[in-house]
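Fair warning: this is a prediction, and the values are worked out from it, not measured in the lab.
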Amino acid sequence: MRKKILAKAEEARKKEIHHRIKNNLQVISSLLDLQAEKFRSRKCAENVEVLNAFKESQDRVMSIALIHKELHEGKRTDTLNFSAYLERLVENLFQTYRVGNVNTSLNIELEENIFFDMDVAVPLGIIINELVSNSLKYAFLGRDHGKIQIKLHREDSAEHANKEQGRTTEHYNDTDFTLIVSDNGLGITEDFNLEDSNSLGLQLVEVLVDQLGGEIELKRGSGTEFVIKFKVPVQN
């Protein structure tokens with residue numbers, strides 16, 4: 001009985017922590033928005049760049065705030081249902097960049113009940129934030145219609161399912177995941193090199209993929225496609 005009481009108290013404590021962090025991040029986001037107001041009425045190019053920098057920082061803060069919101073409202077306090085979080089994250093991005101993207105459609109293909117801890121969820125959320133916002137900002141300039149696609153799946157779902165069914169005594173170290181973010185927009189020029197990119201957002205993506213111990217590949221075709229492969233440790 002005492003253990004159950006302590007467990008409930010610990011769960012309540014963690015939820016309160018997530019709630020406070022989420023609120024603090026929302027305050028930071030609001031402060032960034034207020035600071036950006038100073039530049040909205042000015043029309044010089046430098047101020048436009050500063051304004052864009054504030055908006056991008058605000059997006060990154062909100063992508064983390066959403067994680068704490070999900071953890072506060074969900075049944076778990078240590079791992080996040082990433083599928084549900086991802087849908088909310090992308091919905092927010094589409095609302096933010098809806099001007100000029102009214103006819104842009106979104107296709108999300110996710111396995112259900114993918115749970116990640118904070119060490120994976122935070123960098124992965126920011127990666128998706130950067131790639132999707134890049135598509136919304138640049139991929140469909142001068143076009144009436146566009147499509148963005150996000151796929152997240154285990155590398156071998158059938159093998160994973162078999163392991164899950166027989167995991168009572170079995171231990172395995174990692175699960176391989178693949179994230180694909182693509183669009184059918186203007187595409188990226190052949191001379192573009194991801195490793196030498198001047199874009200802060202894409203530099204951030206590279207750093208975070210490295211943090212996850214993953215690999216990123218840029219594919220060119222009828223648009224742009226980023227393929228990210230990473231491993232997630234699995235506990236007994």
Legend entry - Atom pair OG/CG of Ser133 and Leu89 - distance to nearest 0.5 Å: 9.5 Å
Legend entry - Check: Asp176 and Lys229 side chains under 4.5 Å, non-hydrogen atoms: no
Inset, instruction - Establish whether Ile180 and Ile108 are linked, either directly or via other cluster members, by ILVMFWY side-chain heavy-atom contacts under 4.5 Å. - result: no
Inset, instruction - Working to the nearest 0.5 Å, report the span between CG of Asn107 and CD1 of Ile148. - result: 11.0 Å
Legend entry - Ring-ring centroid check Phe82 Phe177, cutoff 6.0 Å: no
Inset, instruction - Using a 4.5 Å cut-off on heavy atoms from C-beta on, say whether the side chain of Phe230 contacts that of Val120. - result: yes
Legend entry - same_hphob_cluster(Val227, Leu110) at 4.5 Å side-chain heavy-atom cutoff: no
Legend entry - pair Arg220-Ile188: side-chain heavy atoms closer than 4.5 Å: yes
Inset, instruction - Indicate, with yes or no, if Leu86 and Tyr97 share a hydrophobic cluster defined by side-chain heavy-atom contacts under 4.5 Å among Ile, Leu, Val, Met, Phe, Trp and Tyr. - result: yes
Legend entry - Pair Ser83, Glu112: side-chain N/O donor-acceptor within cut-off below 3.5 Å: no
Legend entry - Derivation and outcome, side chain to side chain contact (heavy atoms under 4.5 Å, CB included), residues Ile228 and Leu131: CA-CA 11 Å; Ile228 297 169; Leu131 296 180; 4.2 Å; yes
Inset, instruction - Output yes when a side-chain donor or acceptor of Asp59 lies under 3.5 Å from a complementary backbone atom of Met62, and no otherwise. - result: no
Legend entry - Between Ser63 and Asn129, a side-chain donor and acceptor under 3.5 Å: no
Inset, instruction - Could you grab the distance from atom CD of Glu87 to atom CG of Asn81, nearest 0.5 Å is fine? - result: 9.0 Å
Legend entry - pair Arg60-Glu130: side-chain heavy atoms closer than 4.5 Å: yes
Legend entry - Close side-chain approach of His153 to Thr178, heavy-atom, < 4.5 Å: yes
Inset, instruction - Decide yes or no for Ile150 and Leu106: does some side-chain heavy atom of the first lie under 4.5 Å from some side-chain heavy atom of the second? - result: yes
Legend entry - Joint cluster assignment, Val132 & Val122, ILVMFWY side-chain distance < 4.5 Å: yes
Legend entry - Atom pair OG1/CZ of Thr224 and Phe192 - distance to nearest 0.5 Å: 9.0 Å
Show me the donor-acceptor pairs within less than 3.5 Å that the side chains of residues 200-218 make with the rest of the protein, sequence neighbours left out.
from   : atom 1 : to     : atom 2 : distance (Å)
Gln203 : NE2    : Ser197 : O      : 2.8

Inset, instruction - Would you kindly confirm whether Tyr138 and Val90 end up in one hydrophobic cluster when ILVMFWY residues are joined by side chain heavy atoms under 4.5 Å apart? - result: no
Legend entry - Test side chain to side chain contact (heavy atoms under 4.5 Å, CB included) applied to Phe140 and Asp183, step by step: CA-CA 9 Å; Phe140 310 115; Asp183 65 58; 3.8 Å; yes
Legend entry - Closest approach of Lys147 to Thr104 (non-hydrogen atoms, all atoms of both residues): N-CG2, 4.4 Å
Legend entry - Shortest non-hydrogen contact between Asp174 and Pro233, atoms and distance: OD1-CA, 3.7 Å
